[in-house]
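Comments concern the structure below.
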Amino acid sequence: MTAIRVLLVDDDPLVRAGLSFMMGGADDIEIVGEAADGGEVEALVDRTRPDVVLMDIRMPTVDGLTATESLRRREDAPQVVVLTTFHADEQVLRALRVGAAGFVLKDTPPAEIVAAVRRVAAGDPVLSPAVTRQLMAHAAGSAAGARRTRARERIAGLNDREREVAVAVGRGLANAEIAAELYMSVATVKTHVSRILAGLGLNNRVQIALLAHDADLLEETDTP
């Protein structure tokens, strides 16, 4: 079994030590490096080739948002999971919009952080629909109407089946669940997801979910 290579980025050495300790006991995870600032990340990624980067948002010189955006532009981009102390924070939402695969709270139980790393390494987002709605509500403001219009214009470029898949992704469904609900094979779902990502210029399922939320596509399917 190939270990998941993880890079830790946080300006607090105690946080890094705690994360390293809690994940070091997992047989399938290897901590390949640590950084105290976002400015160190690019060079470390070049040297250590991580699969997943655990990225703090608030750092003194180069913040996690800037570092995440820079990483996600790379052809060989690792997955990024944002570390934060807040459930609803505009900077977390911005990190997700530029390509982070999800976020975990710093006080999350160790087993859940390990599980989050495994999910992201497997290509699944670490973000529930309820948390997405909370983040969207937190960031809603005067720009919400313009964002909705832009999102709907982008969604209009999808065909009907792709739109259905995008809505299902926004609801947090896994590929197998989408396949069952829409009466298609898992392979076909994966093909639709890939086409949505390519057609809309997105790089992961979290961004599909955020676009679906921006366009208000989930209002009829959300449960109270």
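Taking both residues in full, the closest heavy atoms of G170 and A212 are given as CA-CB, 4.4 Å, listed atom of the first, atom of the second, then distance. L197 and N204 make their closest contact through CD2-O, 3.4 Å (heavy atoms, listed as atom of the first residue, atom of the second, distance). Nearest approach of A151 to D214, heavy atoms of both residues: CB-CB, 3.5 Å. Residues L71 and A77 come closest through the heavy atom pair O-CB, 3.2 Å. Across all their heavy atoms, V81 and F103 have their closest contact at CG1-CA, 4.0 Å. Contact between V120 and A101 at its shortest, heavy atoms only, is CG1-CB, 3.9 Å.
Qualifying salt bridge (charged side-chain N to carboxylate O under 4.0 Å, His left out) partners for R74, counting only residues two or more places apart in sequence or in other chains: E42, D46, D76. By the side-chain hydrogen bond (donor to acceptor under 3.5 Å, both in side chains) test, S194 is found to be paired with no residue, residues two or more places apart in sequence or in another chain being considered. Partners of T188 by side-chain hydrogen bond (donor to acceptor under 3.5 Å, both in side chains), not counting sequence neighbours, listed by chain and number: S185. Take K106 and apply the side-chain hydrogen bond (donor to acceptor under 3.5 Å, both in side chains) test, not counting sequence neighbours, and it matches D10, D56. With sequence neighbours excluded, no residue forms a salt bridge (charged side-chain N to carboxylate O under 4.0 Å, His left out) with E177. With sequence neighbours excluded, the residues forming a salt bridge (charged side-chain N to carboxylate O under 4.0 Å, His left out) with E69 are R73, listed by chain and number. With sequence neighbours left out, the side-chain hydrogen bond (donor to acceptor under 3.5 Å, both in side chains) criterion links T61 to no other residue. For R47, there are no salt bridge (charged side-chain N to carboxylate O under 4.0 Å, His left out) partners two or more places apart in sequence or in a different chain.
In the hydrophobic clustering of ILVMFWY residues, with side-chain heavy atoms under 4.5 Å counting as a link, V169 and I155 come out together. The hydrophobic clustering, which links ILVMFWY residues whose side-chain heavy atoms are closer than 4.5 Å, places V52 and L8 together. Under the 4.5 Å side-chain heavy-atom criterion for Ile, Leu, Val, Met, Phe, Trp and Tyr, M55 and V104 are members of distinct hydrophobic clusters. Tracing side-chain contacts under 4.5 Å through hydrophobic residues (I, L, V, M, F, W, Y), one never reaches V9 starting from V32; they form parts of separate clusters. With hydrophobic clusters built from ILVMFWY side chains whose heavy atoms lie under 4.5 angstrom apart, L158 shares a cluster with I208.
Among residues at least two apart or in separate chains, there is no salt bridge (charged side-chain N to carboxylate O under 4.0 Å, His left out) pair with a member in residues 184-212. The side chain to side chain donor-acceptor pair (under 3.5 Å) pairs that include a residue from residues 11-24 are R16-E34, where partners are two or more places apart or lie in different chains.
Residue L83 holds its CG atom at 12.0 Å from CZ of R58, rounded to the nearest 0.5 Å. Taken to the nearest 0.5 Å, the CZ atom of R5 stands 13.0 Å off from the CD1 atom of I29. Atoms CG and CG, from L93 and L96 in turn, are 6.0 Å apart once rounded to the nearest 0.5 Å. Distance check: L211 CG to H213 NE2 gives 11.0 Å after rounding to the nearest 0.5 Å. One finds the CG atom of L7 at 12.5 Å from the CZ atom of R49 (value rounded to the nearest 0.5 Å). The structure places CD of E181 at 5.5 Å from CG of L173, a figure rounded to the nearest 0.5 Å.
Other members of a hydrophobic cluster containing V186 are absent, since no ILVMFWY side chain comes under 4.5 Å of it, directly or through relayed contacts.
With contacts defined as side-chain heavy-atom distances shorter than 4.5 Å, the pair H192/I178 does not qualify. Looking at R148 and E153, their side chains never come closer than 4.5 Å, going by heavy atoms from C-beta outward.
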Side-chain donor-acceptor distances from residues 110-117 under 3.5 Å, at least two apart:
none

Can you check side-chain contact (heavy atoms from CB on, under 4.5 Å) on M59 and V41, steps first, answer last? CA-CA 12 Å; M59 290 179 284; V41 172; 5.8 Å; no

Tell me, with the steps shown, if R72 and Q207 meet side-chain contact (heavy atoms from CB on, under 4.5 Å). CA-CA 12 Å; R72 293 305 299 173; Q207 291 184 326; over 6 Å; no

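By the neighbour-count criterion of 12 heavy atoms within 6.0 Å, atom CZ of R163 is sparsely surrounded, having that number or fewer from other residues, nucleotides or ligands.
A donor-acceptor distance shorter than 3.5 angstrom exists from the side chain of R161 to the backbone of L182, with no hydrogens or angles considered. Checking side-chain atoms of N159 against main-chain N and O of E162 turns up a donor-acceptor pair under 3.5 Å. Side chain of E30 to main chain of I4: no donor-acceptor pair is present (N/O by atom type, distance under 3.5 Å, no hydrogens or angles).
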